Trainee: 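Dropping the structure in here first, questions after.
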2 protein chains.
Amino acid sequence: MTLPLNTILSGDCIAMMDSLPAKSVDLVFADPPYNLQLGGELLRPNNSKVEGVDEEWDRFSDFAAYDAFTRAWLKSARRILKDDGALWVIGSYHNIFRVGAILQDLGYWMLNDIVWRKTNPMPNFKGTRFTNAHETMIWCAKSAETRYTFNYDSMKALNDDLQMRSDWTLPLCTGGERLKSGGKKTHPTQKPESLLYRVLMASTKPGDVVLDPFFGTGTTGAVAKKLGRNFIGCERDPEYIAAAKERIAKVIPVADPSVLMAISKRSEPRIPFGSVLERGLLNPGDLLFGGTRHDKVAKVRADGTLITDIHRGSIHKVGALVQNAPACNGWTYWHFQAGHDEFMPIDVLRQKIRAELH
Amino acid sequence: MTLPLNTILSGDCIAMMDSLPAKSVDLVFADPPYNLQLGGELLRPNNSKVEGVDEEWDRFSDFAAYDAFTRAWLKSARRILKDDGALWVIGSYHNIFRVGAILQDLGYWMLNDIVWRKTNPMPNFKGTRFTNAHETMIWCAKSAETRYTFNYDSMKALNDDLQMRSDWTLPLCTGGERLKSGGKKTHPTQKPESLLYRVLMASTKPGDVVLDPFFGTGTTGAVAKKLGRNFIGCERDPEYIAAAKERIAKVIPVADPSVLMAISKRSEPRIPFGSVLERGLLNPGDLLFGGTRHDKVAKVRADGTLITDIHRGSIHKVGALVQNAPACNGWTYWHFQAGHDEFMPIDVLRQKIRAELH
DNA sequence: GAATCATTTGAATCTTTAC
DNA sequence: GGTAAAGATTCAAATGATT
């Protein structure tokens with residue numbers, strides 16, 4: 001079976017997900033309904049307050065229904081996730097704690113909880129509580145043992161070369177981005193594209209398949225299309241589906257795929273230190289220098305090992321030994337003499353070789 | 001029975017709470033074990049060791065054991081709470097979702113979840129996830145029908161006459177405030193007094209009784225005494241108790257809490273260039289132009305870096321490289337094409353984002 | 001003594017590949 | 001499956017050392 005890529009499946013998300021092949025999706029992003037147990041359900045039809053044991057039973061039954069629903073869709077999502085896939089859920093204090101506990105119970109492995117700080121939240125008009133100015137997202141891998149995609153360098157770049165933190169400050173979806181029909185908002189809880197931009201940039205690769213079980217008006221699909229990812233949406237409401245289709249059709253994908261690729265040291269090809277010798281960038285007998293004052297010295301041997309008066313081994317091993325450190329990256333630790341008083345890390349030689357590979 | 005006010009009860013918190021009269025306490029503040037379940041040792045890039053939390057009190061065999069423990073102490077706490085009392089719990093993603101779900105199951109009524117944004121969190125040294133830069137507190141009333149204390153105006157005053165939001169930006173407990181014994185921290189997870197200050201100012205009145213079931217080194221007691229509230233602590237570890245007693249003895253209550261309200265002024269928020277992309281003000285693949293004749297050209301990548309035929313990096317770095325200059329302010333150097341022959345500096349896009357923050 | 005630079009540290013579920 | 005080796009990786013703030 002081929003996946004219904006870049007389409008919206010009309011119907012209940014559990015049935016829809018169950019119709020897809022197992023281990024076929026790279027990412028699930030879910031914005032499920034918030035807990036329905038609020039307000040009126042605490043009142044009887046005659047408006048008297050529910051009290052005592054009845055109260056607890058009622059409430060338990062409400063939470064139980066929400067829990068059962070949550071468990072069901074999270075189970076279905078887990079089946080279709082690839083083993084190295086991941087899942088995001090967004091919610092508020094009404095539902096996110098139940099969602100989080102069930103995620104853990106099902107074996108998902110939490111990677112972060114992310115706080116979306118709203119720059120422009122709705123104030124608390126009655127002054128009864130703190131302004132509810134954030135929502136919470138949970139990001140988790142399929143299990144504690146599985147791998148997952150995290151474009152660390154992209155996130156760092158997006159944040160002016162500082163590690164991206166677990167709190168994200170972004171505005172609500174308003175203005176031209178907010179879908180309207182007949183002057184009213186099409187969907188009550190449309191999420192901003194900036195939020196999905198960061199989610200997809202962080203945890204997917206170009207070409208990945210992203211499934212959204214509660215597609216709504218298609219923010220996930222719109223951003224996925226823009227960023228060169230494939231999407232699958234599940235949605236029951238025909239009006240939302242129509243709005244999402246129209247919206248996504250207008251999205252222009254980024255034309256140049258090269259601007260989408262994450263650049264990470266981890267994904268670059270490995271270069272053995274021996275290659276540096278084979279290409280004559282260094283020669284057997286050359287000296288390498290380590291330490292802040294370049295006072296540690298080692299001699300390069302023809303087989304690519306280093307030797308000092310007492311140590312012998314790889315650039316990493318000898319680097320660790322001369323520093324008496326548990327570990328060492330020899331590429332950045334060792335320097336060669338490039339001029340009278342100029343030392344350069346041997347990593348530049350590796351870069352030279354890597355450049356030739358392109 | 002009279003309450004053991006302003007004392008530390010030595011022993012298990014559940015037994016201690018069960019020994020107190022029902023409906024006798026105005027507030028419970030709890031910093032329970034987080035159930036971190038850390039793996040092996042973790043080294044910083046400089047190879048120094050991170051002191052993790054591996055205390056016996058944070059070890060649980062599985063989620064079921066942690067849940068049973070959580071349910072037990074939350075039940076005991078609920079019995080001793082006055083009907084118009086409230087409870088706070090702090091935690092991280094390791095435990096807070098389980099705590100939150102159990103709170104709801106027991107009939108507590110959530111008022112807010114509060115995010116403590118750390119100004120100086122520990123980074124993610126291995127680049128595997130987002131920097132875990134926050135913890136979560138849940139504030140709840142005893143039930144949906146009960147009243148609770150919220151000093152709305154105090155909170156507004158604390159926040160420059162703006163409603164206090166659900167995200168609080170506060171530094172970790174370090175420096176002189178951090179209790180040390182023999183050069184090492186007395187308690188691995190001592191909370192900052194600023195956090196408790198805000199909690200107690202928000203949700204208690206002078207003279208109220210505040211119980212902390214996991215008293216540790218007594219931050220709750222210290223701030224309670226300072227603010228003219230009464231405290232009751234429960235703690236098992238004699239060393240923590242001794243440190244807390246000594247600490248609290250030194251606290252001088254303040255006559256007028258308003259003198260403590262000095263709150264750091266917010267500085268102009270830093271806007272990473274990546275935000276411009278996330279918000280769609282520029283798009284991946286767009287061209288930027290530098291130089292007086294706009295003859296330097298760079299392409300915007302999806303992660304917020306720029307790329308030319310030979311250079312790659314942040315707006316500042318690439319700006320410097322194309323000019324062969326030591327440094328460059330990319331915000332003013334780079335321009336985007338706003339019309340047929342019109343170029344505008346990308347700084348106007350930053351201004352646009354800043355305006356939304358106010 | 002002031003200024004500058006180097007070191008330390010904080011609730012952390014913290015690697016990947018080859019053999 | 002396990003073990004060993006390669007090699008990638010940190011931010012803010014306080015404290016201590018040096019000039």
Side-chain angles (χ1 to χ4, degrees), chain A residues 104 108-113 139-141 143-145 147-148 150 152-153 156 159-166 264-274 292 304-305 313-320 326-334 346-347 350, chain B residues 31-55 57-60 63 90-96 116-136 169 171-178 180 183-185 187-192 214 216:
Chain A
Q104 293 177 315
Y108 286 99
W109 186 247
M110 283 189 192
L111 299 169
N112 280 111
D113 58 333
W139 174 41
C140 46
S143 82
E145 295 78 28
R147 302 165 61 107
Y148 57 92
F150 179 50
Y152 174 75
D153 297 279
K156 197 169 170 176
N159 194 38
D160 273 359
D161 290 334
L162 290 176
Q163 284 192 342
M164 188 74 82
R165 300 166 37 119
S166 57
S264 130
K265 272 193 174 179
R266 285 190 168 100
S267 61
E268 295 213 74
R270 288 199 170 200
I271 308 291
F273 179 63
T292 45
T305 56
S314 70
I315 52 172
H316 312 292
K317 189 175 167 191
V318 175
C328 169
N329 182 341
W331 289 108
T332 50
Y333 178 71
W334 292 109
I346 58 175
D347 200 43
R350 178 169 65 165
Chain B
D31 182 11
Y34 285 11
N35 191 25
L36 288 188
Q37 311 279 300
L38 300 178
E41 69 172 15
L42 175 64
L43 298 181
R44 296 188 176 83
N46 66 3
N47 285 323
S48 66
K49 195 176 152 225
V50 175
E51 289 290 334
V53 178
D54 63 347
E55 266 71 7
W57 48 253
D58 196 40
R59 287 198 275 266
F60 295 84
F63 282 134
I90 184 166
S92 66
Y93 67 84
H94 309 83
N95 70 323
I96 198 66
W116 169 27
R117 302 178 64 217
K118 303 176 182 181
T119 57
N120 49 349
M122 191 185 301
N124 182 294
F125 295 113
K126 303 296 185 186
T128 56
R129 307 179 176 189
F130 297 96
T131 306
N132 194 8
H134 75 276
E135 296 188 23
T136 302
T169 306
L172 293 169
C173 178
T174 59
E177 187 186 327
R178 188 89 195 203
K180 301 255 172 72
K184 298 189 65 176
K185 50 190 178 189
H187 192 286
T189 69
Q190 185 182 339
K191 294 292 175 291
F214 308 97

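All values reported here derive from a predicted model rather than from experimental measurement. Order of the sequence lines sets the chain letters (A, B, ...), proteins ahead of strands, with each chain counted from 1.
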Trainee: Could you pull out the closest heavy-atom pair between Arg178(B) and Gln190(B), with the gap in Å?
Mentor: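 Closest heavy-atom pair between Arg178(B) and Gln190(B): NH2-N, 3.5 Å.
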Trainee: Between dT13(C) and dA13(D), how far is it from one C1' atom to the other, in whole Å?
Mentor: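 Pairwise C1' distance, dT13(C) against dA13(D), rounds to 26 Å.
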Trainee: What form does the base of dT8(C) take, syn (within 90° of 0) or anti?
Mentor: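 You should classify dT8(C) as anti.
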Trainee: Please work out if Gly91(B) contacts a base, only the sugar-phosphate, or nothing of the nucleic acid, heavy-atom cut-off 4.0 Å.
Mentor: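 Here Gly91(B) touches no strand at all.
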Trainee: For a quick check of understanding: with a heavy-atom distance under 4.0 Å over all strands, which category does Lys185(B) fall into, base, sugar-phosphate or nothing?
Mentor: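 The answer is sugar-phosphate, as Lys185(B) gets under 4.0 Å only of primed atoms, P, OP1 or OP2.
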Trainee: Classify Trp331(A) by what it touches in the nucleic acid, base, sugar-phosphate, or nothing, heavy-atom distance under 4.0 Å.
Mentor: sugar-phosphate
Trainee: Under 4.0 Å between any heavy atoms, over every strand shown, what does Ile271(A) touch: base, sugar-phosphate, or nothing? Just pick one.
Mentor: sugar-phosphate
Trainee: Touch check for Arg165(A), heavy atoms < 4.0 angstrom, all strands: base, sugar-phosphate only, or nothing?
Mentor: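 Nothing, no heavy atom under 4.0 Å.
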Trainee: With a 4.0 Å heavy-atom cut-off, tell me which residues in residues 122-132 of chain B come close to DNA chain D, sorted by residue number.
Mentor: Pro123(B), Asn124(B), Phe125(B), Lys126(B)
Trainee: Identify, between Asn46(B) and Pro326(A), the residue whose nearest nucleotide on DNA chain D lies closer to the 5' end.
Mentor: Pro326(A)
Trainee: At what distance, to the nearest 0.5 angstrom, does OG1 of Thr131(B) lie from CE of Met164(A)?
Mentor: 9.5 Å
Trainee: Once you round it to whole Å, what is the distance between C1' of dA12(C) and CD of Glu135(B)?
Mentor: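 Value for this atom pair: 11 Å.
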Trainee: Taking all atoms of both residues into account, what is the closest heavy-atom pair of Asp31(B) and Phe214(B), and its distance?
Mentor: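 The pair with the smallest heavy-atom distance is O-CB, 3.5 Å.
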Trainee: Would you say the side-chain atoms of Asn124(B) pair up with the backbone N or O of Lys126(B), donor to acceptor, closer than 3.5 Å?
Mentor: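 Flag set: sc Asn124(B) to bb Lys126(B) pair under 3.5 Å.
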Trainee: Using whole Å, report how far OH of Tyr148(A) lies from C1' of dT16(C).
Mentor: 12 Å
Trainee: Rounded to the nearest angstrom, tell me the gap between atom CG in Leu43(B) and atom P in dT15(C).
Mentor: 10 Å
Trainee: Can you check the Asn47(B) CG to dC14(C) C1' distance for me, whole Å?
Mentor: 14 Å
Trainee: Using both pair distances under 3.5 Å as the test, note the stems of at least 3 consecutive Watson-Crick or G-U pairs that include DNA chain D.
Mentor: C:2-10 with D:11-19, C:15-19 with D:2-6
Trainee: Can you check whether Lys49(B)'s main-chain N or O pairs, donor with acceptor, with Arg44(B)'s side chain at less than 3.5 Å?
Mentor: yes
Trainee: I'd like the P distance from dA18(C) over to dA8(D), given in whole Å.
Mentor: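 Pairwise P distance, dA8(D) against dA18(C), rounds to 14 Å.
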Trainee: Checking Arg129(B) side chain against Asn112(A) main chain: does a donor-acceptor pair fall under 3.5 Å?
Mentor: no
Trainee: For a quick check of understanding: with a heavy-atom distance under 4.0 Å over all strands, which category does Gly183(B) fall into, base, sugar-phosphate or nothing?
Mentor: nothing
Trainee: Figure out the NE2/P separation between His134(B) and dA12(C), and round it to whole Å.
Mentor: 13 Å
Trainee: Using a heavy-atom cut-off of under 4.0 Å over every strand shown, decide if Thr174(B) touches base, sugar-phosphate, or nothing.
Mentor: sugar-phosphate
Trainee: Just how far, in rounded Å, is P of dA12(C) from CG of Asn35(B)?
Mentor: 15 Å
Trainee: Which part of the nucleic acid, if any, lies within reach of Pro32(B) when heavy atoms closer than 4.0 Å are counted: base, sugar-phosphate only, or nothing?
Mentor: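 Base: the residue Pro32(B), judged by heavy atoms under 4.0 Å, touches a nucleobase.
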Trainee: Does Asn47(B) reach the main-chain N or O of Cys328(A) with its side chain, forming a donor-acceptor pair under 3.5 Å?
Mentor: no
Trainee: Tyr93(B) side chain: which of dT16(C), dG10(C), dT13(C) is closest?
Mentor: dT13(C)
Trainee: Looking only at atom P, what distance separates dT9(D) and dG10(C), rounded to whole Å?
Mentor: 25 Å
Trainee: Mind checking if Asp31(B) touches a base, just sugar-phosphate, or nothing, with heavy atoms under 4.0 Å?
Mentor: base
Trainee: Hey, does Pro121(B) reach any base, or is it just sugar-phosphate, or nothing, if we go heavy atoms under 4.0 Å?
Mentor: base
Trainee: Tell me whether the side-chain N or O atoms of Lys191(B) pair up with the base of dA11(C) as donor and acceptor below 3.5 Å, since no angle test is needed here.
Mentor: yes
Trainee: Measuring only the C1' atom in each nucleotide, how far is dG7(D) from dC14(C)? A whole number of Å is fine.
Mentor: 15 Å
Trainee: Need one value for Asp58(B): base, sugar-phosphate or nothing, where a base atom within 4.0 Å counts as base even if backbone is also close, heavy atoms only.
Mentor: base
Trainee: Taking all heavy atoms of Trp334(A) and all of Ile315(A), pick out the closest pair and write down the distance.
Mentor: NE1-O, 2.9 Å
Trainee: Within the 4.0 Å heavy-atom criterion, would you say Leu162(A) contacts the bases, only the backbone, or no part of the nucleic acid?
Mentor: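 If one applies the 4.0 Å heavy-atom cut-off, Leu162(A) turns out to touch the sugar-phosphate alone, with no base involved.
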Trainee: Any side-chain heavy atom of His316(A) sitting closer than 4.5 Å to one from Asn329(A)?
Mentor: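 A side-chain contact exists here, since the closest heavy-atom pair is under 4.5 Å.
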Trainee: Would you mind reading off the distance between Glu268(A) atom CD and dT16(C) atom P, rounded to a whole angstrom?
Mentor: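 Going from Glu268(A) (CD) to dT16(C) (P), I get 16 Å.
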Trainee: What is the separation between atom CD on Glu41(B) and atom P on dA12(C), rounded to the nearest whole Å?
Mentor: 15 Å
Trainee: Is the ring pair Trp57(B)/His187(B) parallel, tilted or perpendicular, if the boundaries are 30 and 60 degrees?
Mentor: parallel
Trainee: Donor-acceptor pair, Glu177(B) side chain versus Leu172(B) backbone, under 3.5 Å?
Mentor: no
Trainee: Can you give the first and last nucleotides of DNA chain D, 5' to 3', that have an atom under 4.0 Å from a heavy atom of chain A?
Mentor: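 Listing 5' to 3', DNA chain D meets chain A from dA6(D) to dA12(D).
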Trainee: Establish, yes or no, whether a centroid distance under 6.0 Å links the rings of Trp109(A) and Tyr148(A).
Mentor: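 No.
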Trainee: Measuring to OP1 and OP2 of dG10(C), would you say a side-chain N or O of Lys118(B) lies under 4.0 angstrom away?
Mentor: no
Trainee: Does Arg350(A) come within less than 4.0 Å of Asp347(A), counting only side-chain N to carboxylate O?
Mentor: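 Judged by the 4.0 Å cut-off on N to carboxylate O distance, Arg350(A) and Asp347(A) do form a salt bridge.
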Trainee: Distance check, P atoms only: dA6(D) and dA12(C), in whole angstrom units.
Mentor: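 It works out to 31 Å between them.
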Trainee: State the SG-CG distance between Cys140(A) and Asp113(A), to the nearest 0.5 angstrom.
Mentor: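 Here the rounded value is 11.0 Å.
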